[in-house]
2 protein chains.
Amino acid sequence: MRGQDKSQTRKKVGAEQVSLSDAGQRLRIRAAWMYFIEGKTQSEIADTLGVGRVTIVRLLAEARRRGEVRITIDAPLVELTELERALECRFGIEQAFLAPVSDAGDDPTPAIAAAAGTFISQVMRPGMTVGTGWGRTLYTSLPHIHGRILDDVRVISLLGGIAQARRFNPAEFAWQFAELFGGDGYLLPAPALVDSPETRQALLERCGLAEVFAMADGLDMALLSVGGISRQTTTYRVGHLSEAERRSLIDAGAVGDLLYNFIDADGRVIDHPINARVISVDLPRLQKTPQRVLISGGRDKHAALTGALTLIAPTVLITDEVTARALLDG
Amino acid sequence: MRGQDKSQTRKKVGAEQVSLSDAGQRLRIRAAWMYFIEGKTQSEIADTLGVGRVTIVRLLAEARRRGEVRITIDAPLVELTELERALECRFGIEQAFLAPVSDAGDDPTPAIAAAAGTFISQVMRPGMTVGTGWGRTLYTSLPHIHGRILDDVRVISLLGGIAQARRFNPAEFAWQFAELFGGDGYLLPAPALVDSPETRQALLERCGLAEVFAMADGLDMALLSVGGISRQTTTYRVGHLSEAERRSLIDAGAVGDLLYNFIDADGRVIDHPINARVISVDLPRLQKTPQRVLISGGRDKHAALTGALTLIAPTVLITDEVTARALLDG
DNA sequence: CATTCGGATGAGCAAATGTTCTGACATGAC
DNA sequence: GTCATGTCAGAACATTTGCTCATCCGAATG
């Protein structure tokens, strides 16, 4: 609109019109200067320049529209903030936390874990019931969590454990997490992956697991991470998945898992017989959880994260800078 | 205050405190980003970040105080605006107009004249009574004045004329100026400089000049310029001033003149016999004029301008970029 | 010279912003 | 444990800002 005004105005005569136009620009820059640089109020400027306050409003708006006023944020980590905001807007996340990484080739897990620990420390409140998955990232975040006694905290494992004893048992995350806040931990006393659908049904129906799952309906927060499907990923390493199964899942389109529910890059749970052998909370059930926190990052999880973002629509995403860029580019 | 807070806060423990401090910074940058870059309102940001709106106010103020938010005006002529504002603040001027000069060595008179013409064109209103000096700058501004018929305009010459006929008679400025607006011009039918105090008295008291001066009490605006005291200045060139007089004035401390009232750099009218022979309005009288416009520039007038700024405290100053810098530096 | 039109201007209102005061909370000292 | 201390968040108010509509002015036109 203003641009049209300009051209219409300009085709008049020469000298006076030009000078009036200059005067307009002069006034605009002057108003912008006094407002943004000197910090005067619009009323003051209006009085000084001898025009109405409304005119100042218009001049300032025009100056901003023309880009004559440039506002930049100059602070450490501001690029992270920009990325975070981009993620939030793109994926409908309430809050994204990005851990800075110094070297793009590094494993981002420690950084993500630290960020996750900080976040969890701040968000925990008395009376909370938290559901958790497990994995290396979550486990690594334990030392970063500022534990303190909070009344009535309950932590529920959303996924079965592993049989194999290991030095670091990621599956114990829920337990240790509960301890940090003096709360009760509810583990799923079962493998994440059992031999057959029948075993699964038996466990669920006749061994008390259903009760634990029922508690998942009342969760205040769920802490989840995704697994990739490469050979390095926890799922594979802890021995739950054979190479044949892995291939078969990949062939079926899987790019990773969310509580051992294998998903594709579009956020769909793939159709595969292994589903009937997994002991984990239903993903649709988690949708009712008000705070869904997705904590993951790393080169081999980009596709899985993309899917997970669609599938569970997390309210909070904690990942690293490099992964964030990949998610936004993809 | 905040700095003290910081130091007091920091001396607590390590990890948590650092992370809380980081969280504060994170929140601040995030608020600044959402406010200044994304243009959200403070309420929206408060809701998104889960804090009170007042906190956002504080975060934004803190970010600005720390200089994390940088606002720059990026437009042509913005440096001029900055200079103008500096002049206004330093010398208590309502409005300074600076003409841009391409080459610092050039004579700035044409540029100043153009700016003066634009200003005068805009400021003229029906019913105005304007007092004027004369000089090359004012005369040169005539072609830049957008003349139009305004009711009841009166233009009064504040200074006597020159005897010598010249191709361009600067002393006729008042007359030509009045014509541009269809108003009445009142020239002082007398030389600016007469031979003796007695002649001056005779003219004032018995030749009707006093009446013209009396009109100067009701001026709405005075257009003034200063003269330097170099050999090139109008005062000297039109033959009013002999070389001996010029020397004598310089010895007495004169750096230039304002309506042939010779002044020093501190803005005092110097004590000199020539004063008793000048036919001009008293400078103190001009102080009552609501709009005092000082129009001058050029290398040889810096000192005179400095004095004039003090002496008549103009409400409007029209000069050039180079002179402006000199005034601010001096 | 009257007319008409576009753009600029000012009053009044609604929204946003800034400030001040009060109370809650955490912390450290006794 | 109690108390002083200082920090921080929130309610209420004052100010500033943004917007809309009615109006006015000036320029182009017939």
- Task: Using atom CD of A:Gln122 as one end and atom P of D:dA9 as the other, report the distance to the nearest whole Å.
- Result: 12 Å
- Does B:Arg70 have any salt bridge (Lys or Arg N to Asp or Glu O under 4.0 Å) partners at least two apart in sequence or in another chain, and if so, which? A:Asp74
- Phosphate oxygens OP1/OP2 of C:dG18: is one of them under 4.0 Å from a side-chain N or O of B:Gln42? yes
- A:Leu59 CG to D:dG18 P, in whole Å, measures 12 Å
- Item | Sequence-distant partners of A:Arg30, side-chain hydrogen bond (donor to acceptor under 3.5 Å, both in side chains), two or more places apart | B:Glu84, B:Glu88
- Residue-phosphate contact under 4.0 Å: B:Tyr35 side-chain N/O, C:dT17 OP1/OP2: yes
- Test ring-ring contact (aromatic ring centres under 6.0 Å, His included) applied to A:Phe177 - qualifying residues, sequence neighbours left out: A:Phe173, A:Phe181
- Item | Protein-nucleotide distance (A:Arg125, atom CZ; C:dC25, atom C1'), rounded to Å | 13 Å
- Message: Whole angstroms only, please: what is the CD1-P distance between A:Ile45 and D:dT17?
- Response: 8 Å
- Output all residues satisfying salt bridge (Lys or Arg N to Asp or Glu O under 4.0 Å) with A:Glu38, sequence neighbours left out; order by chain, then residue number. B:Arg85
- Inter-axis angle, terminal five-pair segments of the helix from C:dC1-D:dG30 to C:dC30-D:dG1 [nearest 10°]: 20°
Produce the list of close N/O pairs, under 3.5 Å, pairing protein atoms with atoms of nucleotides 19-23 of chain C; give distances to one decimal.
none

- Gap between atoms CZ and P, on B:Arg64 and C:dT17 respectively (whole Å): 12 Å
- Message: Distance check, rounded to the nearest 0.5 Å: B:Ile112 atom CD1 versus B:Thr137 atom OG1?
- Response: 6.0 Å
- CG of B:Leu60 versus P of D:dT17: gap in Å, rounded? 15 Å
- May I have all residue pairs that pass ring pair (Phe, Tyr, Trp, His ring centres under 6.0 Å) and include part of residues 53-99 of chain B, sequence neighbours excluded? B:Phe97-B:Phe119
- B:Leu150 CG to D:dG26 P, straight-line distance once rounded to whole Å: 10 Å
- Residues in salt bridge (Lys or Arg N to Asp or Glu O under 4.0 Å) with B:Asp217, at least two apart? B:Arg285, B:Lys288
- Query: Of all residues at least two apart in sequence or in a different chain, which pass the salt bridge (Lys or Arg N to Asp or Glu O under 4.0 Å) check with B:Arg64?
  - Reply: none
- Round to a whole Å and report the spacing from CD of A:Glu62 to P of C:dT9. 13 Å
- Decide whether A:Thr315 and A:Glu94 meet the rule of one side-chain donor and one side-chain acceptor closer than 3.5 Å. no
